[in-house]
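Keep in mind that this is a model prediction, so the values were computed, not measured. A note on names: the letters A, B, ... follow the listed sequences, proteins ahead of strands, and every chain is numbered from 1.
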Protein chains: 2
Amino acid sequence: MSEPADAANETSLASTGRGRPAGATRKGLETRLRIIRGAREALEEGGIEALTTRRIAASAGVKLATLHYYFDSKESLLIAVLEDLIAEMDAAYRQDVSLPSAPEDRVEALIRASWRYIQRTRGKQIAQTELTLYALRTKGSEWLAARQYNAYIDFYGHLVFEDDADEDLRRIGRAVARQMLIGIDGIILQSYALQDLSASNDDIEAHIIAMRGYLRRLLAERDRPR
Amino acid sequence: MSEPADAANETSLASTGRGRPAGATRKGLETRLRIIRGAREALEEGGIEALTTRRIAASAGVKLATLHYYFDSKESLLIAVLEDLIAEMDAAYRQDVSLPSAPEDRVEALIRASWRYIQRTRGKQIAQTELTLYALRTKGSEWLAARQYNAYIDFYGHLVFEDDADEDLRRIGRAVARQMLIGIDGIILQSYALQDLSASNDDIEAHIIAMRGYLRRLLAERDRPR
DNA sequence: GTCTATAGTCCGATAGAC
DNA sequence: GTCTATCGGACTATAGAC
């Protein structure tokens, strides 16, 4: 879950096509990416309510008209931003994270790593949640929210059981991943709102115990199917 | 968790004081509340990005100037909206919900009731989450997000153990409530994004098992302290 | 591909009649 | 307490020079 820097480029450049004249020169692609990253910065800074094209252009170091040269509309830019976030997460998975060998221990390590990450990237997490909500209510963009979640589920799921595990195990990995993600999203909101570190730490411990138990239960069910 | 209708009036009228000339006549108070409810409607309809004072005024059936007569600024109105949501939840607790007698069964019933509620109030939940995020990043309004969460925690906590339980039990009730809320918030986001009802149902069942286990563990710890 | 300049719209907020 | 009318500014988007 560490900052995967710019490994996301490749993926987010290919993106929805909305990104304008296919005639994409080297420099053009860089500018396009600068605008996306500028939008992310501006979003983290001031929230979606204050996220205007002017602010984005300034944050990216380009003129307003340049922004509109690369994106037909503000909406298509926001979609590209969400895609960039997904690509970044995808890249983070690819560069892999070394983890304990027992699945239950991996689950625990993953939750702890996520919790540390959440604590030091408050603005980023809020921004991402805002964008997800934006996608959820923007007609025709709901699929983006689903893609974002599936990327996270793949990410967590693959870290619970390696890619070469059998189908049953991968299915279990995804179920646990979904549940881990639920807890993490819930803790993000609650920890930022309550600002009670000791309570949040208790919540993380409870979540870890619950996830270890869930994984154990699913594995036991597999060995002794109904 | 059923719609508590208008029981929230009293509370939200008293509110932050920002609500303008204390000289509040009967009719004036009604107008003020109509504006707040209009804002909630408009928010559920189009999201916080499209939530303009003009739209709110139209949705409330008042003129733009009237809105500004009751609220000094758009921000103070949004704060009043969040307070209204909190008051509504508070009222919902007061009118109480009949539940099973065993605490563990109450926890399960509560989660199931919340899940049914979430499924039929998508727009409302998204709106509320958007407002919470708004409060979290609006300088000086972070306390509102905390108040909102504490209202929910009280609500759930009181339903796990009655008010007349001893202090230990009430503390345990609140811990379980926090954890239940984390799961519910996480499921809200994930279920809307993934639109996979069978997965969400599995998640709810897993959450119920986890919460029953958590409550049991906390009670066992209390009887046999470290 | 990036710029300046500006069109055209919509915003939050206020003045002042009733 | 509610209205009409309007201000000044900020917004998204485009036209057209370079």
Side-chain angles (χ1 to χ4, degrees), chain A residues 13 15 17-39 42-43 45-81 131 134 138-141, chain B residues 13 15 17-39 42-43 45-81 131 134 138-141:
Chain A
L13 293 176
S15 82
R18 295 259 223 169
R20 255 298 167 109
T25 68
R26 168 82 176 147
K27 192 170 73 167
L29 291 179
E30 274 169 13
T31 305
R32 189 185 133 89
L33 188 60
R34 251 219 335 285
I35 293 169
I36 291 175
R37 295 294 158 91
L43 178 62
E45 184 60 35
I48 202 161
E49 212 210 0
L51 189 68
T52 66
T53 50
R54 285 160 199 275
R55 222 177 282 264
I56 293 169
S59 163
V62 300
K63 294 295 170 179
L64 180 57
T66 305
L67 183 153
H68 280 287
Y69 176 75
Y70 284 96
F71 298 95
D72 292 335
S73 66
K74 182 183 173 182
E75 186 182 329
S76 71
L77 169 54
L78 289 189
I79 289 173
V81 168
L131 262 191
Y134 171 87
T138 301
K139 201 76 183 162
S141 300
Chain B
L13 292 175
S15 82
R18 297 260 221 165
R20 257 296 171 110
T25 68
R26 168 83 175 148
K27 191 171 71 167
L29 291 179
E30 275 170 13
T31 304
R32 191 186 131 89
L33 187 61
R34 239 201 5 270
I35 293 169
I36 291 175
R37 295 295 158 89
L43 178 62
E45 183 60 35
I48 202 162
E49 212 208 359
L51 189 69
T52 66
T53 51
R54 287 172 152 81
R55 221 177 283 263
I56 294 169
S59 162
V62 301
K63 295 294 169 180
L64 181 58
T66 305
L67 183 154
H68 280 289
Y69 175 77
Y70 284 97
F71 297 95
D72 292 334
S73 66
K74 182 183 173 181
E75 186 183 328
S76 71
L77 168 55
L78 289 190
I79 289 173
V81 169
L131 262 191
Y134 171 86
T138 301
K139 202 76 182 166
S141 300

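If you measure from atom CD1 of B:Ile48 to atom P of C:dG12, you get 12 Å, rounded to the nearest angstrom. Whole-Å rounding puts the A:Leu51 CG to D:dA10 P distance at 17 Å. We find that CZ of B:Arg26 is positioned 16 Å from C1' of D:dG1, with the value rounded to whole Å. Note: NE2 (A:His68) to P (C:dA5) measures 18 Å, nearest angstrom. Nucleotide C:dT14 holds its P atom 15 Å from the CZ atom of B:Phe71, rounded to whole Å. The interatomic distance linking A:Ile56 (CD1) with D:dC11 (C1') rounds to 12 Å, in whole Å. The nearest whole Å value for the distance from the CD atom in B:Glu49 to the P atom in C:dG12 is 13 Å. For the pair B:Lys74 NZ and D:dC11 P, the computed distance is 12 Å after rounding to whole Å.
For A:Thr66, the side-chain contact (heavy atoms from CB on, under 4.5 Å) test picks out A:Thr31, A:Val62, A:Lys63, A:Tyr70, with sequence neighbours left out. Here B:Ser59 pairs with B:Glu41, B:Ala42 under the side-chain contact (heavy atoms from CB on, under 4.5 Å) rule; sequence neighbours left out.
The shortest side-chain heavy-atom distance between A:Glu30 and A:Arg26 falls under the 4.5 Å cut-off. Side-chain contact between B:Leu78 and B:Leu51: present, with at least one pair of heavy atoms (C-beta onward) separated by less than 4.5 Å. Taking 4.5 Å as the limit, some side-chain heavy atom of A:Ile36 sits within range of a side-chain heavy atom of A:Phe71.
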Just the table, please: protein N/O against nucleotides 2-6 of chain D N/O, every pair under 3.5 Å.
residue, atom, partner, partner atom, Å
D:dT2, OP1, B:Thr31, OG1, 2.8
D:dT2, OP2, B:Tyr70, OH, 2.4
D:dC3, OP2, B:Lys63, N, 3.2
D:dC3, OP2, B:Thr66, OG1, 2.8

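Each salt bridge (Lys or Arg N to Asp or Glu O under 4.0 Å) pair with one or both residues in residues 47-56 of chain A, not counting sequence neighbours, appears once here: A:Glu49-B:Lys74.
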